Amino acid sequence: MSASSAFSDEKGGSSSEPEYGHDPASGGIFSSDYKRHDDLKEMLDSNKDSLKLEAMKRIVAMIARGKNASDLFPAVVKNVACKNIEVKKLVYVYLVRYAEEQQDLALLSISTFQRGLKDPNQLIRASALRVLSSIRVTIIVPIMMLAIKEAASDMSPYVRKTAAHAIPKLHSLDPDQKDQLIEVIEKLLADKTTLVAGSVVMAFEEVCPDRIDLIHKNYRKLCNLLIDVEEWGQVVIINMLTRYARTQFLNPNINESLLEEGSEKAFYASDDEEDEDKKAEAAALAKRKPYVMDPDHRLLLRNTKPLLQSRNAAVVMAVAQLYFHLAPKAEVGVIAKALVRLMRSHSEVQYVVLQNVATMTIKRRGMFEPYLKSFYIRSTDPTQIKILKLEVLTNLANETNISTILREFQTYIKSMDKDFVAASIQAIGRCATNIGEVRDTCLNGLVQLLSNRDELVVAESVVVIKKLLQMQPEQHSDIIKHMAKLIDNIQVPMARASILWLIGEYCEHVPKIAPDVLRKMAKTFTNEEDIVKLQIINLAAKLYLTNSKQTKLLTQYVLNLAKYDQNYDIRDRARFIRQLIVPTDKSGALSKYAKKLFLALKPAPVLESPFKDRDHFQLGSLSHLLNAKASGYQELPDWPESAPDPSVRNVEIPEWSKCTSRKDRKEKKVEKPFYSDSEGESGPTESADSESDSGSGSESASGSEESRSARSGSESEDSGEESESEEEEEDEEDQKKKKKRLEKTKARKAVEESAESEQSSGAEDRKRSRKMVKNQKSVSESDSESESSESEEESEEESEEESESDTDIRKKKAPVSKPPPKPSKKESKKENKEMSLLDLDDFEPAPASAPVTPVNFLSSSLVSDLEGLSLTDTILAPTTIAPSGSIKMYELLHRITGEGLAVEYCFSRQPFSPDPNMVAVQIQFTNNTNAETKNLHIEEPRLQSGMRIREFSEIEVLAANESVTVVMGIDFCDSTQAANFQLCTHTRKFYVSIQPPVGELMTPAFLTENDFKKEQGKLMGMNEISEKLTLGDKCVNEHVIVERVTATANLSRVPCGSDKECRFAGKTVSSGSLVLVTVAMKDSAGAQLTVNCEKMVIGTMLVKDILQALSQ
Amino acid sequence: MIHSLFLINNVGDLFLEKHWKSVISRSVCDYFFEAREKAGEPDNVPPVIRTPHHYLINIYRDKIFFVSVIQTEVPPLFVIEFLHRVAETFQDYFGECSETTIKENMVIVYELLEEMLDNGFPLATESNILKELIRPPNILRTMVNTITGSSNVGETLPTGQLSTIPWRRAGVKYTNNEAYFDVVEEIDAILDKSGTTVFAEIQGVIDACVKLSGMPDLTLSFMNPRLLDDVSFHPCVRYKRWESERVISFIPPDGNFQLMSYHISAQNLVAIPVYVKQNISFFESGSSGRLDITVSPKQTMGKVVECVVVTIHMPKVVLSASLNATQGTYKYDPLTKILVWDIGKLNPQNTQKQPNLKGSLSLQSGAPKPEENPSLNIDLKIQQLAISGLKVNRLDMYGEKYKPFKGVKYVTKAGKFQVRT
């Protein structure tokens, strides 16, 4: 002990020395400094907090200035348990800074933190863990490990967050702990709070970025939480998910990228055959695998998109790179606007963004073309920004905009900033090589620059002209002559070298001038730069070969000079060339070919962007910026050839996931017709396939898939809106036809499936109402705003995917309804079928009828018939229909969380007889365990003020694999607040909550047309909410509208004279306020929705729900 | 992530260092100084500098370089954005972010940095949380503190960090409840020699000063939300509401904050409020030049254009200027070669007598005449006008009972407004 403290003392002493060494006047100050430290010690030892604080402040100021204060360690560390919070905090600061140097003394403080870890206050626990883990002392690794493990299962999410932060600290201190830490990470990844998500992913990235398997189960959760995570966490999560998606999903651009590759390769005619092989191979590949986006892939894209609006540039960049690397080509465009916005930000942000934009513009030029002017350069921009903007402008240049760009470049050339001018000239050169039409214009412009007064400008022009001339030297011998004259004046070595090379290369075009130039250069040879010397030798050699009569002696002279040059490169070159060109008896076979060697036709240089191929680095990363791998950089993996099993992301036990994934596939097949245009070919095979085998089923759609992608490409090019929307419609029609046909062939399946989708949309409803997150893109506003067709298409696709992902949600629930004993199962099945029929009948009632059982058909057509009789019989119809037609089951308790007990509920829409002010909720319990569940009852309702619950009577026994249905009443007080209560069995208690959709908070009210008008008149102004909408393509007639509205809200239809209008009325259950709904149809798909209700909140929510229902 | 931070002033003095992991010697900054030397202008220092073992990511702000040391891969924007956030926090706390204020408040700065990062990863960057942790200094408190010995560090631990709305602290109370919104629009434009617009766009921000008790839930709606093309929001804004209803719904942070920034869609024609007629020429002989600039109002929507300033970066050979301004004052700094003409208000009535600056420039004798003409940067301000026509429709408050005082102010300014010559 004493030895160790002596050691630390010594260490402290020695480490304090350099500080005085720093000070120039160390001698004089040494003593006073020493004294000051003495009085600091005194102050720290006193029992006055103010003195301690003063001392600590001075010490921290020393640390901040980089002065050494380590010798005060013993005095400071004593105060770690000080009561004063500020003193304590400053001691922490000190401790974290010096603990590494004074490990033994630091140990004295550990017990304080260990005590803090047990504190009842979560914030104290967190800060104790934070400091403890920041002390880099290896001895306490086990203590830290223990503390982290404990904190990872702390009640408070804040403490868990701190635990996540501590993980990388411990990992860097002792990498051996990795395995244990990964366990903690795995645990924390499963955490459901937004607070923890960002931090734990950060830890994941630092400790085990390659353990992608840990993400599977949490992928969907992370996607859904993303928007609520704090901004820094968002960046980390998005970057990680980008990598994840690259390993798990298929390339959405697989067809395009093959096309691209093919066309690109065509430029190099040399390796034709190989190419063709490849192409054929690729085509075959494309045929084999039509692309269908994984719903999880879509989920990621959809949930990150709103973050483009973040105020944080890093978040925007992260989303942008995600879209660039993961999104289908047609959707990447959305990021351009956001990136252009960032250009208004600080110059450092601009710098990074421009670097990334430059890379993007090479791959996807079209994306930024509309924003061309945003990259125009101002004279006040810093040079590095100017050069990057220039790069982007050059990348964006094409035949159509080149003239405007060149005009801009012309103003840039006059700038005072010479580096920038040089870059501008380079840019002009690149435009000229890339776009043949303007080559001559550019060349002429550059030649004019040769008479510029600034030598740098001239030199740069020469270099660029040289490159341009190489493309067509024959036509430009006068330019070469002009440049030969320049050699007298230009001093910049690169330019001189370029001129010499030009003259040498094209000496045949200037036979008279070339020898003279060589003569001049021979004179000044010794004073030239190396690069120029090499070119002089080169020129001499070439002239010797073409015109040996005139230049033989000159060449000899030059070579002799070069032989004794100081630079060995030049000596080497001279020796080599002499051997090659001067015929001697010893000269080998090579000299015969000297002419061929020197005067071979050289391919013109390709002026390439320095940003080419940078996109193999993940955009937005440090490595991308530096164009070199930074330590810790995680390669962005290539897309997999075939998608790994998507079921790994299911948060279900394997037994069920198997069955559901099969269903998933089935579902996809039904959707495929949506993509295919060429009905005739792919149609029949399609259905046949899907009937037989799932694997081959996916093959058949390939052709149509390709054609679709090709078409969408052409769409994006021309922005004629109408033609596209037409195509859009066509698409839809196709889809309808398809559906019809499908119905015929395999109606039964379709019936089942649409039933499922119905159910799933219900599940989605529930999700929305609970989380207040609107998932589906609502077409709420009939925007006159011109939305681009691309986004339309996208939304189309989105909703498509939506239903897919919904099935995932359903997947979780599906099993719940399966196991129950037969009677109830039958019942539910019946219900399902009915629903599905309604769904099918939406647009085409007739063909579906054939294979369905007559009873069901009858009932369904009855529905529409009854509704059709609105004028006479309205009052009865909806009330009777609603419950049978559109009951949505909501999950109250999942089978897994309920340990075998599954509970679902629905709003039966029956009046609750014991109390008319209550909403009846029908609850179905299913016991999936092998044991009885006893004493099912409700306890401890926690309700918002005013809300009431009437419990169902206790269920004594629920036998294994049995289910039972009860009804309870809840008075929601006309709000959509959830009713929370505990559901108790004889062994366990579960916290559950029921949240009603707004439409269930009302009961039908029976009004006449006149009454309706009268009441509506009373509810004007503030109480009236009116919205325009576009009816969804299935809302073709009144029946459907009526059905949709009544499905959404428990209303009854009110008779109405006009057939262009549907009216509904209802009362809120608890206060009895009237709710009046009017849907007025207008020409085409337009309609106007009006809701009159005293309760504005209810009105607004109802409008939203109905809009959603109608616009689907 | 972020390993260390060094603050370096304009002349290259390192005056603060903070390490979040093990200590990195300040000698690493030599690489920065080297780059700084090479760059000339502070603006031209590359934001990312590579050294053999570290990467230096730096920003230049308020004449201070914030140099952070990075060891492993991290998105550069992440660090840059964070450093700017640090600078903004300093500004928020001390009124300005300068070397003097940082040195004066060294301890608070250090405490702030300690709270903002944990192990190099951002922990608390919301000013509302930070202010609960560490109270900003003011004279009164300093006096009270010295007398009573109480401290600047909050006794209570911050609750904001635990809530789902970390930007607002709990238990806010005001006697006067007020909410002010400033709609500030900036015109970015490039005009060419003949006065035609090469490029023009409008960018705007809405700054808010909200001092409301409790947990108010505000909804701000516009008369013409369609104008807004691209928006970015403070995290408090509910994006879904915006997407579906085009209203801005949020629970505001307490105090000053930027609610949103926006970009006006490119279809809308941008009204250029001033017209500039200029003629700058240099003569080959006699080493002199002539300058003649007239500024007149144009498309001002009946409002007065104020604070008009014309700034010109003259070529190096211009030694002095002898000019005559019919309105305002001009100043030529021969060292920086910047000519500033402060015009003031543009009078819309008096169309005959427009502000004019005219006279001769004397050049360095013997030097060749400059080839390029300097471009003019124009600064202006129009009160009570959002040039895009954007109008706030109404502001509603839910969740609290009291009646707040509400106000909206509009200002139009010139952003990067440049006239090429």
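From a predicted model like this one, the values you see are computed outputs, not experimental measurements. In the text below, chain A, chain B and the rest are named by the order of the sequence lines, each starting its count at 1.
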Problem - Within-4.5 Å side-chain heavy-atom neighbours: B:Glu81 and A:Met317 - result: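 The answer is no, as the side chains (C-beta and beyond) never meet within the 4.5 Å cut-off.
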Problem - Choice from A:Arg378, A:Lys373, A:Lys414 maximising heavy atom contacts with chain B below 4.5 Å - result: A:Arg378
Top contributor to chain A interface from [options] [non-hydrogen pairs under 4.5 Å]:
options                             : value
B:Asn58, B:Val198, B:Leu7, B:Asn119 : B:Asn119
B:Met1, B:Glu73, B:Arg50, B:Lys316  : B:Glu73
B:Tyr262, B:Phe15, B:Tyr55          : B:Tyr55

Exercise for the section: Would you check if there is a donor-acceptor pair between the side chains of B:Asp230 and A:Gln309 at a distance under 3.5 Å? Expected result: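 The answer is yes; a qualifying pair exists.
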Handout entry: Centroid-centroid under 6.0 Å between A:Trp232 and B:Phe121 rings
Key =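 No - the distance between ring centres of A:Trp232 and B:Phe121 does not fall below the 6.0 Å cut-off.
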Proximity breakdown for [X] and chain B, heavy-atom pairs closer than 4.5 Å:
X        : value
A:Ser127 : neither
A:Asn239 : side chain
A:Leu173 : neither

Handout entry: Row check, B:Trp242 ring normal vs B:Arg246 NZ/CZ: under 6.0 Å, within 45°
Key = yes
Handout entry: B:Lys18 to B:Tyr110 six-membered ring, cation-pi geometry met (6.0 Å, 45°)
Key = yes
